[in-house]
Amino acid sequence: MKLIILENYSQASEWAAKYIRNRIVQFGPGPGRFFTLGLPTGLPRDHPESYHSFMWNNFFKHIDISPENVHILDGNAPDLQAECDAFEEKIKAAGGIELFVGGIGPDGHIAFNEPGSSLVSRTRVKTLAMDTILANARFFDGDLSKVPTMALTVGVGTVMDAREVMILITGAHKAFALYKAIEDGVNHMWTVSAFQQHPNTVFVCDEDATLELKVKTVKYFKGLMLVHNKLVEPLYSMKEVGAERSQSKKPYSD
Amino acid sequence: MPSNKSVSDAPIVQFTNCRILRDHRLQREDLWVREGKILNPEKLFFDEKGSADVQLDCKDSIIAPGFIDVQINGGFGVDFSLATDDFKSGIDLVSKQILSHGVTSFCPTLVTSPPSVYHQILPQINVRNGGAHGAGILGAHLEGPFISKEKKGAHPEHCLRTFEAGAFQDLLATYGSLDCVQIVTLAPEMRRSSEVIRELTKRGICVSLGHSVANLSQAEEAVQHGATFITHLFNAMLPFHHRDPGIVGLLTSDKIPAGQRVFYGMISDGIHTNPAALRIAHRAHPKGLVLVTDAMAGMGLAPGRHTLGQQVVEIDGLNTYIAGTKTLSGSVATMDTCVRHFQEATGCSVETALEVASLHPAQLLGIEHEKGTLNYDSDADFLMLNDSLYVQATYIAGEEVWRQDVSGM
């Protein structure tokens, strides 16, 4: 695991963005060679704050992605399990997920894999924990009865199949979850802990999120920032990709 | 980029690198257009898996809905109240020329005239969509002849009429036909005006109060019967008095029926209204202000003499007076200069200055679902402007119909 500790939310976001950019550029995507980016799912389709609107406004409208290359789980599909199975097939067909970027819930969940989810689960329908329902209430005018109780989500196993996993954690309210995820054992009550067994994980967080970690852990990883920063500097661009391809070796291994 | 259009084969144009006026704010968003309407790119992306066929770089322009002029008597030598043989080519000329002022829809206005003039001219005015040929015609604005003698302004006294004998039938007989009429200006203190206002409102015609000596209660009664507009506020009406505000008092009246809004036209050319008066009106009732030009035949031409219906008007700079008098008569203002002057005089935001010339007139005429905004599925009538609010290009139904000549002419 690489634990990247930045001072605050904006710096953490920027570091993560630069890292993802460099990863995409160094992968060298082109016709027939897709960089498959995995992201966790969200609210049901027909809600005005829907995941589709969120993704459009915050991501898709700013980039030149073809709509055919966007695959979002459809919560309104007639056969939900078939929809989930088809999603797993689409991931295989795209060559597997190159990089999965996700966050972590205060209860340590990744995507909607709530405490108790199998660590080898696949894409499926999942009932949501009360914590998640409470957190989502703000999108439904605070009316708990209106918040959906189920969601389609990629499984822990699905994310573990990705070639690289990046988890973004910011804020003091996530600190305990981060502690459970990286300093305690692998446990299905804190599903993010599954990534301790993934060969290629990056956790990007801010100072507040480290509040429950041992000082020793924080000092160790802060000391590695000099090396870790080589992953984001220099910042590569698609135009120079040919020349730099040969230098894409990692500075050190986990 | 390939586009898979399961809904329509029409080309999709994406205007990028621009700031669009939406939800009352200038936002850095792209504008998508298909088949003459504003397109929702999110629905296109997810539902149709479509993408743009053409992308146009707007070089950081402001994109605003096209201006709507609900009071314009003519221009470029054309007088809408003059029944000539080539009336149609006259209206075509004006509709084409005002594209350069940013006007994409307008109401040709007729001043007080004898019935024969209405009978000859009105059948020649057709409601029609705009395009490369010119701005769209929403319908005629009939200003008079049912107005007050004391506040006739530039209107000829011998043509003034009342409808106390036959009310609505008198009005219909005078005009001949109301088929393409969008707005009628009348004086509400006239006997039987309430019946007339109700009858006109029932037919979807906007009733405007103007050229009147009505007091506030007469004006309020007119609004309760359906009047929704005030013709060139302050001009040709009793001045505001603190114990009887007259028609001006409608701006803050508490007798307006719920759900109804009173709109008021203002000519912000710097001549018809002192900037301080403009500011008072704007601050009292900002959501009702509608910019109008009240332009007449001399607009766009060199100073000199022109006609306005039955009158002769002398133009000297921005001043337009009845020949030999100091009575204001129409203007030579253009809509874009009115917008700029309005912004300067009131210090309002760019968004507000643009909305008083587009959104508010559309709301007045009840057409804000199609015109006056850049909302999805509304008509793609819009302008590209620079930061000083000079029109650089005019688009109607998504097609460019006018562009500022780069040489600056």
Side-chain angles (χ1 to χ4, degrees), chain A residues 17 24 29-78 80 83-84 86-87 89-91 93-94 123 139 148 151-154 238, chain B residues 1-35 37-63 369 373-377 380 382:
Chain A
I24 295 175
R33 183 174 158 78
F34 292 98
F35 184 98
T36 308
L37 184 69
L39 297 163
T41 47
L43 294 169
R45 173 78 203 273
D46 37 332
H47 189 268
E49 295 279 346
S50 82
Y51 191 65
H52 284 72
S53 291
F54 179 84
M55 290 306 292
W56 168 258
N57 285 311
N58 290 300
F59 190 34
F60 300 135
K61 81 177 177 198
H62 302 281
I63 59 176
D64 62 351
I65 189 168
S66 282
E68 309 87 66
N69 294 333
V70 173
H71 309 282
I72 300 185
L73 279 168
D74 181 8
N76 294 324
L80 292 178
E83 169 74 10
C84 294
F87 197 74
E89 290 304 313
K90 283 187 209 153
I91 293 175
T123 305
F139 296 119
L152 299 184
T153 180
V154 288
M238 287 300 291
Chain B
M1 198 179 304
S3 46
N4 170 11
K5 293 161 277 199
S6 53
V7 168
S8 156
D9 273 325
I12 297 169
V13 182
Q14 179 188 4
F15 294 86
T16 64
N17 190 14
C18 51
R19 290 159 287 155
I20 70 174
L21 177 61
R22 184 173 283 158
D23 295 331
H24 315 295
R25 297 182 299 121
L26 277 183
Q27 308 181 19
R28 192 151 272 289
E29 292 284 346
D30 293 343
L31 187 74
W32 296 65
V33 177
R34 175 167 67 184
E35 286 181 303
K37 303 252 184 218
I38 312 275
L39 184 64
N40 181 342
E42 190 187 323
K43 268 179 75 177
L44 175 72
F45 188 85
F46 289 119
D47 292 348
E48 293 181 50
K49 308 245 186 279
S51 46
D53 293 292
V54 179
Q55 289 180 320
L56 292 174
D57 182 344
C58 300
K59 314 238 193 305
D60 202 28
S61 304
I62 292 174
I63 296 192
H369 298 295
T373 69
L374 295 177
N375 293 342
Y376 301 138
D377 300 327
F382 57 89

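The sequence lines fix the lettering, A, B, ..., with proteins before strands; numbering per chain opens at 1. All of these numbers come straight from a predicted model, not from anything done at the bench. Values below: every heavy atom of this structure, side chains too, minus hydrogens, waters and symmetry copies.
Ring geometry for A:Phe60 against B:Phe45 counts as parallel: the plane angle stays under 30°, on a 0 to 90° scale with 60° as the upper cut.
Considering every non-hydrogen atom in both A:Lys61 and B:Glu29, the closest pair reads NZ-OE2, 2.8 Å. Of all heavy-atom pairs spanning B:Gly50 and A:Pro67, the tightest one is O-CG, 3.4 Å.
Taking A:Lys90 as the reference, nothing meets the side chain to side chain donor-acceptor pair (under 3.5 Å) condition, with sequence neighbours excluded. Applying the side chain to side chain donor-acceptor pair (under 3.5 Å) rule to B:Asp57 yields the partners B:Asn17; only residues at least two apart in sequence or on another chain are considered.
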